[in-house]
Amino acid sequence: MKGTKDFPQCGFSNTVVQILKLLNVPFETLNILENEFLRQALKEYSNWPTFPSSTSTAKAYKSGELQELLEKTMCS
């Protein structure tokens with residue numbers, strides 16, 4: 001993410017942090033702004049010129065899909 005969970009550095013990162021905190025799930029972050037190699041590698045891996053916004057995360061949260069996925073992941 002851009003920034004950290006304690007100091008998100010863009011609105012999209014902040015939205016994701018707030019959603020995960022609302023769901024009370026443990027998570028860690030990695031600030032891609034501190035590592036140019038990692039930032040470029042993620043762009044190449046994802047085949048996106050920029051990093052996706054939090055829109056898909058917010059949609060999944062609102063529909064309940066995110067909670068369901070997190071529950072399955074945390075229980076396995």
Side-chain angles (χ1 to χ4, degrees):
M1 76 175 342
K2 293 178 180 175
T4 66
K5 66 182 176 183
D6 295 323
F7 189 67
Q9 293 184 322
C10 77
F12 301 125
S13 294
N14 185 55
T15 298
V16 172
V17 167
Q18 296 307 313
I19 289 171
L20 293 174
K21 285 182 176 180
L22 280 171
L23 295 175
N24 199 33
V25 294
F27 69 99
E28 295 298 326
T29 56
L30 183 63
N31 184 357
I32 63 166
L33 298 176
E34 294 177 347
N35 187 321
E36 180 64 26
F37 176 78
L38 177 61
R39 185 168 49 242
Q40 290 305 317
L42 286 172
K43 285 180 184 181
E44 290 174 23
Y45 175 78
S46 67
N47 200 25
W48 284 63
T50 61
F51 293 98
S53 71
S54 59
T55 305
S56 55
T57 305
K59 280 184 182 178
Y61 171 71
K62 288 178 183 175
S63 73
E65 182 183 353
L66 182 60
Q67 296 90 316
E68 184 179 317
L69 178 63
L70 288 170
E71 286 173 7
K72 287 179 184 177
T73 302
M74 292 175 67
C75 290
S76 49

Using a 4.5 Å cut-off on heavy atoms from C-beta on, say whether the side chain of Pro26 contacts that of Met74.
->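 Yes - at least one pair of side-chain heavy atoms lies under 4.5 Å apart.
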By salt bridge (Lys or Arg N to Asp or Glu O under 4.0 Å) - contacts of Lys72 (at least two apart) |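 If we apply the salt bridge (Lys or Arg N to Asp or Glu O under 4.0 Å) test to Lys72, skipping adjacent residues, the hits are Glu68.
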What pairs with [X] under side-chain contact (heavy atoms from CB on, under 4.5 Å), at least two apart in sequence or on another chain?
| X | result |
| --- | --- |
| Phe27 | Lys5, Val17, Leu20, Lys21, Thr29 |
| Ala60 | Glu65, Leu66 |
| Gln67 | Leu23, Tyr61 |
| Glu34 | Asn31 |

Do [X] and [Y] share a hydrophobic cluster (ILVMFWY, side-chain heavy atoms under 4.5 Å, transitive)?
| X | Y | answer |
| --- | --- | --- |
| Met1 | Phe37 | no |
| Leu69 | Val16 | no |
| Val25 | Leu22 | yes |

So how far is it from [X] [atom1] to [Y] [atom2], rounded to the nearest 0.5 Å?
| X | Y | atom1 | atom2 | value |
| --- | --- | --- | --- | --- |
| Gln9 | Ile32 | CD | CD1 | 10.0 Å |
| Phe12 | Ser56 | CZ | OG | 10.5 Å |
| Asn14 | Lys2 | CG | NZ | 13.5 Å |

With sequence neighbours excluded, what pairs up with Glu44 under the side chain to side chain donor-acceptor pair (under 3.5 Å) test?
->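 Glu44: no side chain to side chain donor-acceptor pair (under 3.5 Å) contacts found.
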